[in-house]
**Q** 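Input: one structure, supplied below.
Remember, it's 1-based here, ligands and their atoms both numbered in the order they're listed.
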Amino acid sequence: MKHLITPNDLTNEEIEELFEDAKLFKDLKSNNLLDGKIVVTLFFESSTRTRSSFEIAAKRLGADVVNLEVNTSSTNKGETVEDTVANLNAMKPDAIIIRHKDCGLPESLKSYVDCPIINAGDGKNAHPTQALLDLFTIDEHYNGDIEGKNIAIVGDIANSRVATSNLELLPRFGLNPILVAPKRFKVTSSFKTVSNIKDVIDDLDIIMSLRVQHERHEITASPEKQAKQKEKYIKKYCITKKLMGNRDILLLHPGPVNRNIDISDEMLLDPRSKVLKQVENGVAIRMAVLKKFILQKSE
Ligand code: CP
């Protein structure tokens with residue numbers, strides 16, 4: 001049984017095959033490839049894009065979707081996540097998609113199921129389908145000519161599962177990540193790391209802006225200090241038209257965007273911003289992922 005927990009669960013060849021399927025699914029038309037299959041989604045953390053994208057992808061393939069509302073599930077009565085998943089598995093779904101704040105939880109659930117587990121984000125650990133749709137969007141933009149492109153990953157790298165999964169995936173396809181972050185959001189890494197995006201902007205082909213992940217921060221600073229930190233952060237890390245100039249840089253963000261903190265209103269409207277293209281591509285990628293992981297099970 002194959003599960004998708006991190007991008008490293010897929011070989012480069014498998015990813016190329018997924019991308020071929022995703023290109024076919026790009027028209028987002030419905031088909032019946034997964035007719036009669038049932039997909040369960042289990043989101044213990046908030047989501048707009050990933051949850052609805054998986055649901056739409058499953059429905060476009062003809063599968064039925066059961067969204068377990070965790071706020072009204074028996075986890076409220078003390079049931080563990082492991083028991084919840086084992087009980088759902090006993091109802092014989094064809095895949096379980098899970099998001100949870102605990103790093104490593106989806107991996108630990110593998111032994112409780114006999115259907116694929118698809119990780120929709122675990123803490124700061126991994127978000128494999130986000131990294132796949134990011135790579136797909138980059139590949140599409142450059143018509144496959146991505147070898148040697150420089151991508152700045154900007155912001156709260158230390159707390160971002162999107163950064164973790166992209167740093168795992170993008171170098172496998174020849175991209176060069178450059179990490180841009182204030183000291184408190186940096187990670188120990190072999191990739192070039194800078195504090196000021198202006199030091200590298202002329203070398204960049206792509207910017208991936210990240211949201212500050214407040215939900216994973218321990219707040220120790222006073223409200224005044226936090227306000228000052230925020231002001232300083234915006235000045236240095238918000239992607240604005242002034243910073244971009246007329247450079248030919250592809251601008252990405254996984255969402256949700258905190259407007260005028262991560263990216264300015266003006267840059268979100270700029271044709272170089274492909275934030276909504278990422279969302280559109282996310283459905284095609286998730287259709288390809290569901291097809292691969294669900295049909296492998298019945299082969
Ligand atoms: N990119 C992403 O994971 O967005 P959601 O949190 O809305 O799913």
**Q** Taking 4.0 angstrom as the limit, do E45 and R161 come out as a salt bridge?
**A** yes
**Q** Taking NZ in K241 as the centre, count heavy atoms belonging to other residues, nucleotides or ligands within less than 6.0 Å. Is the count above 12?
**A**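 Enclosed: over 12 neighbouring heavy atoms sit under 6.0 Å from NZ of K241.
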**Q** Go through I138 and K149 one step at a time and tell me if the side chain to side chain contact (heavy atoms under 4.5 Å, CB included) criterion holds.
**A** CA-CA 10 Å; I138 295 168; K149 296 273 188 264; 5.8 Å; no
**Q** I need the atoms of ligand 1 closer than 4.0 Å to a non-hydrogen atom of G255, numbered in the order shown.
**A** 1 (N), 2 (C), 4 (O)
**Q** Any donor-acceptor pair under 3.5 Å linking the side-chain atoms of H127 with those of R99?
**A** yes
**Q** For atom 2 (C) of ligand 1, find the nearest protein heavy atom and state the residue, atom name and distance (0.1 Å precision).
**A**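 Its nearest protein heavy-atom neighbour is T50 OG1, 3.5 Å.
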**Q** Do me a favour and list the nearest non-hydrogen protein atom to atom 4 (O) of ligand 1 with residue, atom name and distance?
**A**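 In this structure, atom 4 (O) of ligand 1 has R49 NE, 3.0 Å as its nearest protein heavy atom.
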**Q** Using a strict cut-off of 4.0 Å, indicate which atoms of ligand 1 neighbour a heavy atom of T48.
**A**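 Counting from 1, the qualifying ligand atoms are 5 (P), 7 (O), 8 (O).
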**Q** Closer than 4.0 angstrom: is that true for some heavy atom of G121 and an atom of ligand 1?
**A** no
**Q** Can you check whether F136 and H141 have ring centres sitting under 6.0 Å from each other?
**A**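 Distance test on ring centres: not under 6.0 Å, no.
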**Q** Using a plain distance cutoff, I'd like to know if P254 has any nitrogen or oxygen under 3.5 Å from a nitrogen or oxygen of ligand 1.
**A** yes
**Q** Distance alone, cut at 3.5 Å: any donor-acceptor contact between the side chains of E16 and N12?
**A**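 Per modelled atom types, E16 and N12 side chains form no pair under 3.5 Å.
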**Q** Backbone or side chain, does any N or O of R99 fall under 3.5 Å from an N or O of ligand 1?
**A**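 N/O-N/O distance below 3.5 Å exists for this pair.
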